Amino acid sequence: MFQPVSSKVSFPELEDRNLKLWKEREVFRRTWDDAADKPLFMLYEGPPTANGTPGIHHVLARVFKDVIPRYKTMQGFRAFRKGGWDTHGLPVEIEVEKQLGITTKQEIEEYGIDKFNALCRESVMRYVKEWEELTERIGFWIDMDNAYITFDNGYIQSGWWIIKELWDRKLVYQGFKVTPHCPRCVTSLSSHEVSLGYQEDTEDPSVFVRFPMSAEQDKALDAVKSMGWSDSGWDGPTPSVLAWTTTPWTLTANLALAVAPKEEYALVASPDGAERLLLAKPRVEEVLGEGWTVQATFKGSELQGLRYEPPFVNATEHEGQPFHHRVLPADYVGMDDGTGVVHTAPAYGAEDQELGKTFNLPTVHTVDLQGHVTGDYPGTGKFVKEADVDISADLTKRGLMFRQEAILHTYPFCWRCGTPLLYYAKPSWYIRTTEYKDEMVALNGDINWHPEHIQQGRFGEWLRNNVDWAISRERYWGTPLPIWRCDTCDEDECFGDLDTLRERADAATTGALDLDGLDLHRPYIDEVTVICKCGGTMHRVPEVLDCWFDSGVMPYAQFNATSSDDPMFTGGQFPADYICEAVDQTRGWFYSLHALAVLLRNKPSYKNVICLGLILDDRGEKMSKTKGNIVEPWSVINAHGADALRWYLLTAAPPGNARRFSQDLVEESVRKFLLTLWNTYSFFVTYALLDGFEPTSADPGEPVAELDRWGISELNQLIVDVTAEMEGYNPTDAGRKIEAFVGELSTWYVRRSRRRFWKSENDGDKRSAYQTLYTCLVTLSKLLAPLTPFIAEEMYQNLVVASDPSVPDSVHLAVFPKADTARIDKELGEATQLVMKVVSMGRAARQKVQAKVRQPLAEVLVMPKTAAEGALLLPLADQVRDELNVKQVQVISDAEAAKNLAVRLNGSVVGPKYTDRLPSLQKAFGTADKEAVIKAALTGQPVTVGEFTLDAEDLDISPSSDSPFAGVLDGGYYVAIDTRMTPELKQEGLARELVHNIQNMRRTADFDIADRIVVWYQCDAALQEVLTSDAMGEYIRTETLAVRVEEGTPDADAHVETLKIEGMELTIGVKRAQG
RNA sequence: GGGCCGGUAGCUCAGUCGGUUAGAGCGCAGCUCUGAUAAAGCUGAGGUCGUAAGUUCGAAUCUUACUCGGCCCA
């Protein structure tokens, strides 16, 4: 027998109960341990950082991560779900800096790297407990007991192995990376820190500088010939390229001039002909004003290779070859400011550096890390902003300054100390991902992206514009870069494992260290020195690896793999079947996973990915700590429960879209879906208990009742749909379809079936109704299990486990439903939709004439749109009759319908159309055969009235007011009720009115549904006639479970009310019958 | 400045291949029904489908430009 289920429910309590049940029965563990023979389904958990409390956006990701493995488990897979923690990186260090009240690297080193890193280690796991609690509470099943942690030695060694693999393939190199740098703090700033310090209206110099073309040029260059160059030099004044900059100090490091390859450039001569300048044609007038004449024009691409004289001598050779300063093409050059020629100093601009890499330019520094000019330049020794003055003066003196002004613009300053930031190229370690760009792009095509547009859009775009991946950071708390450099000969060597390192370690200095027990972090690993082949001593380079590298090695490091023969590669643990993160991971984890897998295995590392949009607040703004609009997940969960939150997050919006979040919307989704489901469930259990219904596991066979056949048909269609959506990684539409089904189950199936459960005979029809509803509820519990695991478990336990010990003891160990497509009856589905349409129109018709549904009527007329629909409707006429409370349903033709309709000209259409001919049309229309006109118009045919041909739009058809039928016309359907009353109908109406009132009294008196009662009444003759008539009296007793209905004074303890029915007053008393 | 996504009722969202009258839920107003419901039903108010142009017999849907919002990059 089932446990009774109240319609009142607290979802949070229900969830606590089931959390305990899962724990006691070890359900999650058994999905793995008892499934050793099943195929693996791999989830890779993108590790969160546990140095802050989880927010609602984390819940979003965790719910979507959870849904798919739960579904796959029920489909017969062994779902691998190992948790993980991201523990390294700058945010952790900044947190500790705050704690210590320090801000610079120097202070960290003074404090002691060992102590600093110990604090980092502590800090990063500070909120692990909160994360674990929330994870468990929302029902995200992931193995947190065996989570991988990126700071573990085992994890670090996997990273080392991968660096070594890439190193051996010559894919790791040291180059320069331009970063925003604070010369006072002597440190790089993260992009987040930079964005804290932008200042508008900063005054800076704005200088236009001549770059005279070199006397020596490449003979192959057509452009220089047309400018008048030959072996003997320039014919006429030497032309100069004109370029613009706001940082004169970077001119000391100028190595190239960049032009837009697709734009047009012009060689122009000054009005007096003494000067010739080359710049972008669209910029000529704005920069030079009027009077300059165009001598020749060139595509930017034609200028590539043009040699010029740099303002300062800074490089004459590179990699053993003579170096010449040249014009080079770059897509980033714009036409909106400057001269369309961009001065390029690879050491002091990110784009400059990229261009430098493309064309193999050296990186020449003329400024030190404190921002002081070095070498032999104007202003040497001064801070760059002061040196600007000296440099400008020098250029003016040498005639290279074309124009000098000042501008106001937005410039970044250090958020800590207010010093202007410099973009500065620092040595950095790279992985040569560009070598595998084509493979990365191609293999991205094998990944199943949701939403699809990310694949060729944001992610594809990112891959196509790939630049080498900078993987090192000059910091402390991170995986140390396993590269040692010789003090003597500068040789670098990479160590991929501890054994090799141990063999090569310098016993004299390292001997005392126990490598196996060593914390592989700084500063300890830095103490290990190695003897170089040259005999010198090698020290580890100071850098640590970026935490994105940590995340990218996760597929291998979570198994502590240290070789490409590791069993994980052949055991199905790679690649992942599924990952899920928010869209901000496009350049983060999605990329780091993909890049490393392509480089290492020439394979994608995930097959399917759901890429989630951001969560915004209820006003559509991004949630952030500073705005204070963060929604705390616990308050939502405590108020509405985890299933409610899950359901809302899963179904309210497509996962890829940015979405607004508000607690009100969660509440709405509870009311709309969870409560409807619960009430249906509660209804079933309540009546099943009354009737002693026991489910059988045997297939009850084809149900007899049309309604049951419909329910089962819709249910099987639902299984087909939900399975398809889940297989397509679309839990949102799966959920929406379930919601639609539950709605119809509750408001159509159950409402229509109420009397079948309520009637006293325990016959086959009743049993069929129970069996149908039972089947629907049990199937729903399984379909819902991945989405709302708690309520699904609650229903399954009570409906299935309690009465059948042979089934799995948790819905999450059960098999996902399989559709019986033979039971899907599409025609019946359409017919039922039609019934709903007709019933809806019938109610509208009743409403029009204020005819209560409680009052039976003789007949309803239905004109369907097509004859075929009429045939579809007829077998279900009973349902229409019942819903509309009429004695008869008649399907009628257009012609018959026309009798009850009126037609007039649609003035607003006909008026403008016929203007002055309107009176004669009206005359003709007045004498026309109205029924013929209506009939034609209903079928959409044009109709001839006198000399006029009228279309449907010219006519306005409406139910006729002088017909006894009150009708409604909508979309080609006509439904009309017969408003004529007979004494019998009237009496029946009164009887129903009495039943209605007595039922209300039962409820007010708080009787149990099954209580038998005694009824007393005092009323006038008309009502008494109803109460005492054979047919109606019996009907009233049956409906109200009355053992006696008698005239007289109620017992003193009866519940008594005085009522008015149809203007007639009566007094009724009700009381529980004895025994 | 570049890339991607979105803009449909007061709110949250559907809208299939371009095709009849652009829908649902919530909210609001009125009515009805009800011994499962914290429900449900009916009616009404509420829409320039972001704007404009184009393609087409026909555009919420396709194309282009613009605009607003969001994200990423520079």
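Here the structure is a predicted model, which means the values were calculated and not measured. Just the heavy atoms: all of them, side chains too, but no hydrogens, waters or symmetry mates, feed the values below. Residue numbering restarts at 1 for every chain, and letters A, B, ... go by the order of the sequence lines.
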Worksheet entry | P spacing across the pair B:G1 / B:A65, given as an integer number of angstrom | 16 Å

Discussion item. Taking only the P atom of each, what is the distance from B:G30 to B:U64 in whole angstrom?
Written reply: 50 Å

Discussion item. With rounding to the closest Å, how many angstrom separate the P atoms on B:G19 and B:C31?
Written reply: 41 Å

Worksheet item: Residues in side chain to side chain contact (heavy atoms under 4.5 Å, CB included) with A:Glu461, at least two apart?
Response: A:Arg464, A:Asn465

Worksheet item: Would you call B:C28 syn or anti, using the 90° rule around 0?
Response: anti

Discussion item. Using a heavy-atom cut-off of 4.0 Å across all strands, would you classify A:Thr1040 as base, sugar-phosphate, or nothing?
Written reply: nothing

Practice prompt. Let me know the distance between CZ of A:Phe684 and C1' of B:A39, rounded to the nearest Å.
Written response: 20 Å

Item to complete: Starting at the 5' end of RNA chain B, write a dot or bracket for each base, bracketing those in Watson-Crick or G-U wobble pairs whose two distances are under 3.5 Å and using | for partners on another strand.
Response: (((((((..((((.....[...)))).(((((.......))))).....(((((..]....)))))))))))).

Worksheet item: Is A:Arg843 near enough to B:G41 that one of its side-chain N or O atoms lies under 4.0 angstrom from OP1 or OP2?
Response: no

Item to complete: Identify whether any heavy atom of A:Val750 sits under 4.0 Å from a base atom; if not, whether one sits that close to sugar-phosphate; answer base, sugar-phosphate or nothing.
Response: base

Worksheet item: Given atom CE of A:Met836 and atom P of B:C42, what is their separation to the nearest angstrom?
Response: 11 Å

Worksheet item: Do A:Ser746 and B:A36 share a donor-acceptor pair, side chain to base, under 3.5 Å?
Response: yes

Item to complete: In whole angstrom, give me the gap between the C1' atoms of B:A22 and B:C13.
Response: 14 Å

Worksheet item: Checking all strands, does A:Val839 fall into the base, sugar-phosphate, or nothing category for heavy-atom contacts under 4.0 angstrom?
Response: nothing

Item to complete: Figure out the CD/P separation between A:Gln456 and B:C5, and round it to whole Å.
Response: 12 Å

Fill in: Salt-bridge criterion met for A:Lys357 and A:Asp468 (N-O under 4.0 Å)
no

Worksheet entry | P-based separation of B:G58 from B:G18 [nearest Å] | 16 Å

Worksheet item: So, A:Arg843 and A:Glu883, do they make that salt bridge, N to O below 4.0 Å?
Response: yes

Worksheet item: Which nucleotide in the list B:A36, B:C42, B:C71 gets nearest to the side chain of A:Leu614?
Response: B:C71

Worksheet item: Think A:Tyr681 has a side-chain N or O under 4.0 angstrom from the OP1 or OP2 of B:A36?
Response: no

Discussion item. Checking A:Thr344 now: which residues fulfil side chain to side chain donor-acceptor pair (under 3.5 Å) with it, not counting sequence neighbours?
Written reply: none

Fill in: Sugar-phosphate only, base, or nothing, as touched by A:Glu461 at under 4.0 Å among non-hydrogen atoms
sugar-phosphate

Worksheet item: Between B:C5, B:C13, B:C42, which nucleotide has the shortest distance from any of its atoms to the side chain of A:Ser840?
Response: B:C42

Discussion item. Please tell me whether A:Trp469 and A:Asp546 have a donor and an acceptor in their side chains that are separated by less than 3.5 angstrom.
Written reply: no

Worksheet entry | Proximal nucleotide (of B:C72, B:C42, B:C5) relative to the A:Arg458 side chain | B:C72

Practice prompt. Measure across A:Ala425 and A:Gln353 and return the closest heavy-atom pair with its distance rounded to 0.1 Å.
Written response: CB-NE2, 3.8 Å

Worksheet entry | Under-4.0 Å side-chain N/O to phosphate OP1/OP2 contact, A:Arg587 with B:C73 | no

Practice prompt. Could you work out the separation of B:A40 and B:C26 based on their P atoms and round it to a whole Å?
Written response: 6 Å

Discussion item. Donor-acceptor pair, distance only, cut-off 3.5 Å: does the side chain of A:Arg587 make one with the backbone of A:Trp462?
Written reply: no

Fill in: Atom-pair distance (CZ on A:Phe590; P on B:C72), nearest Å
14 Å

Worksheet entry | Selected nucleotide, minimal atom distance to A:Arg854 side chain, candidates B:C5, B:U34, B:G25 | B:U34

Worksheet item: Under 4.0 angstrom, heavy atoms only, what part of the nucleic acid is A:Ala653 near: base, sugar-phosphate, or nothing?
Response: sugar-phosphate

Practice prompt. Mind checking side chain to side chain contact (heavy atoms under 4.5 Å, CB included) for A:Asn679 and listing every partner two or more places apart, or none if nothing turns up?
Written response: A:Ser7, A:Leu675

Worksheet, complete the sentence: Per nearest nucleotide of RNA chain B, the residue lying toward the 5' end, A:Glu351 or A:Glu1039, is A:Glu1039

Worksheet entry | Earlier contact from the 5' end, RNA chain B, for A:Thr680 and A:Gly457 | A:Gly457

Practice prompt. Please determine if a side-chain N or O atom of A:Thr686 lies less than 4.0 Å away from the OP1 or OP2 oxygen of B:A36.
Written response: no

Worksheet item: Of the nucleotides B:A40, B:C13, B:U37, which has the atom closest to the A:Arg736 side chain?
Response: B:C13

Worksheet item: Across the strands shown, which category fits A:Pro654 at heavy-atom distances under 4.0 angstrom: base, sugar-phosphate, nothing?
Response: sugar-phosphate

Item to complete: Can you tell me, in whole Å, how much space there is between the P of B:A52 and that of B:G15?
Response: 25 Å

Item to complete: Could you tell me which residues satisfy side chain to side chain contact (heavy atoms under 4.5 Å, CB included) with A:Thr680, sequence neighbours excluded, listed by chain and number?
Response: A:Leu745, A:Ser746, A:Val750, A:Leu773, A:Leu777

Discussion item. I'd like the C1' distance from B:A9 over to B:G46, given in whole Å.
Written reply: 6 Å

Discussion item. For A:His58, give me all partners under ring pair (Phe, Tyr, Trp, His ring centres under 6.0 Å), at least two apart in sequence or on another chain.
Written reply: A:Trp131

Worksheet item: Which of these nucleotides, B:C4, B:A36, B:C5, is closest to any side-chain atom of A:Asn657?
Response: B:C5

Worksheet item: Is there a side-chain polar atom (N or O) of A:His996 under 4.0 Å from OP1 or OP2 of B:U34?
Response: yes

